[in-house]
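For ligands, and for the atoms within them, numbers begin at 1 and follow the listed sequence.
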Amino acid sequence: MQNKKIKVLFAAFEASPFIKTGGLGDVAGSLPIYLKKDGVDIRVIMPLFSSISNEYRDKMTKICDFYVPLAWRNMYCGIYKLIYKNTIFYFLDNEYYFKRDKAYGFFDDGERIAFYSKAIIESILHLNFSPNIMHLNDWHTALSAVFLREMYREVDKCNNIKTVFTIHNIKFQGMFSKYVLDDITGLKGNFAAESQLMQSGAINYMRGALNYADRITTVSPTYAKEICTPFFSEGLEDVLCRRKNILSGILNGIDYEKYNPYKDNEVYVNLKPITKNITKEKDINEITKEELIEDKIKRITTFKSNNKMCLQADLGLDVDPNICMISLISRLTDQKGLDLITYILEEMLQYKIQFVILGLGDKKYEDAFNKFANQYKNKVSANIFFDESLSKKIYASSDLIMVPSLFEPCGLSQMIAMRYATLPIVREIGGLKDSVNSYNKYTNIGNGFSFVNYNAHELLFTIQNALSLYYDKKEIFNNLSMQAFDTNFNFEESAKEYIKLYSQLMEV
Ligand code: ADP
């Protein structure tokens, strides 16, 4: 009953399946749908990028249009609506800002994003929807928190709205020349806003949201602690420490319908449900726990071997289900610990393994992985592009996946991997620490492998440890794969935490 009163406008610059460049897209495309199922009246608001496919565009209906004041400009904004999985998505249309071949990385990002942040609030004035909470995600939406308080305080529809700001990655803050304050935000002369936005002589959008939001969240409990320290905070520890009492970490989940090994039609072979013979011969209550485990492990190993052989053939690798396949599915940036991987790769490739990379990013890593793929043709496959369908095939086929990040707010790839019974090898940091329970050789309990220090040889030893189980103690390895598969990362759990937070906020 209580949830019915919660009305949330959820703002994100990207949301899957419309547009996705990383984890934010996954979260914004699934968390609201889970919240809606739980009774929250939540609506997502995002840009109408020209890259959004006609499959969705054709189903959108135009609601209205208006002009958004942005300092001396008045910019057109149309709102289109689409109901996706029973949840309303609003798309903000402005071809000048959003008719581009990608979402980010333009000389005028400061202006495009300020426009988006202002248009979010202007939309509230034109929509037949009065949110009591605005849930803002990452720096692209940060200025909304500032505009709301500084420019719309007196507006009836806005003056009771509470703001939640979620940090998905503190590395990206939106820092621009101080001239943006006057020329784009129109906040020059507003000394309160100026002092909350300025940092080292520049304007920092995220700092603004951290100062103005009613609640700050981030995507794992460990990262919430880490970002209050200088190494992880990227220069924002002062404001985060000051506002520690309103900061919390809620671990992300994944969409269990989108990533579903039983039904996924993008993998080569699906995971079989419980073996019929077991249920046929005996009443389900008579089946022993051991029989169920044995059956599950058998189904998982068959699922993985069959997928692996198809992928090996497709990628031109030696086709052999008994070779351990290690993968990397990631943005190719320093954050992801790729210098550790490139440092030990030559040594790693001396073992009986295959290494499959799917990623896009910094040229130095793209070149390095391409070089190894040329040198070790039957062992390494470097796929330097973005392809969700291939990513699922790799998750389903691999035995191990590497996520040795320098820092990791939450990380979804290790969770998706586990959903497909692939064991992650991670560094004990941020959300990786909160989601991976490292193999314990005394109890044989674990859903992955981990190491502590940012050190290439610690990573290599961890890989060696995993490989020795794979080749010499296969039973234990298979049992760990099952434990990974059994770990629950369904977004339902995180959604409950957000509802608790929204409810508390509405009582304030
Ligand atoms: P981040 O948000 O820092 O990029 P996450 O682990 O939180 O990292 O999320 C990454 C998401 O992007 C996962 O869904 C992963 O499968 C996906 N991904 C990363 N690179 C690629 C790629 N080249 N092709 C397809 N999917 C990718």
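Using a 4.0 Å cut-off between charged side-chain N and carboxylate O, D314 and K393 make no salt bridge. A salt bridge does not link K433 to E226: none of the charged nitrogens lies less than 4.0 Å from a carboxylate oxygen.
Given atom 12 (O) of ligand 1, the protein heavy atom at minimum distance is K20 CE, 3.7 Å. Nearest protein heavy-atom contact of atom 7 (O) of ligand 1 is L412 N, 3.2 Å. Ranking the protein heavy atoms by distance from atom 2 (O) of ligand 1 puts G23 N, 2.6 Å first. Closest protein heavy atom to atom 11 (C) of ligand 1: D26 OD2, 3.6 Å. Of all protein heavy atoms, the one closest to atom 4 (O) of ligand 1 is R331 NE, 2.8 Å.
At a threshold of 4.5 Å between non-hydrogen side-chain atoms, the residues V436 and N447 count as touching. For the pair I88 and I83, the minimum side-chain heavy-atom distance is below 4.5 Å.
Under the 4.0 angstrom criterion for non-hydrogen atoms, C410 is not in contact with ligand 1. Under a 4.0 angstrom heavy-atom cut-off, H168 registers as lying outside contact with ligand 1. The shortest heavy-atom distance from Y259 to ligand 1 is under 4.0 Å.
A donor-acceptor contact shorter than 3.5 Å is absent between the side chain of R215 and the backbone of V164. R112 places no side-chain N or O within 3.5 Å of a backbone atom of F106 that could act as its donor or acceptor partner.
Only one option out of Y116, Y104, F172, F115 pairs with H140 in a ring-ring contact (aromatic ring centres under 6.0 Å, His included); it is Y104.
Counting heavy atoms closer than 4.0 Å to ligand 1, residue Q414 contributes nothing at all. Only the backbone of D387 comes within 4.0 Å of ligand 1, counting heavy atoms alone; no side-chain atom from C-beta on gets that close.
Relative orientation of the H135 and Y498 rings is tilted, given thresholds of 30° and 60° on the angle between their planes.
An N or O contact shorter than 3.5 Å links K336 to ligand 1 by distance.
The contact set between ligand 1 and Y395, taken as ligand atoms under 4.0 Å from a residue heavy atom, comprises 15 (C), 16 (O).
Aromatic ring centroids of F461 and F449 lie 6.0 Å or more apart.
Closest heavy-atom approach to atom 26 (N) of ligand 1 among the candidates F172, F386, F385: F386.
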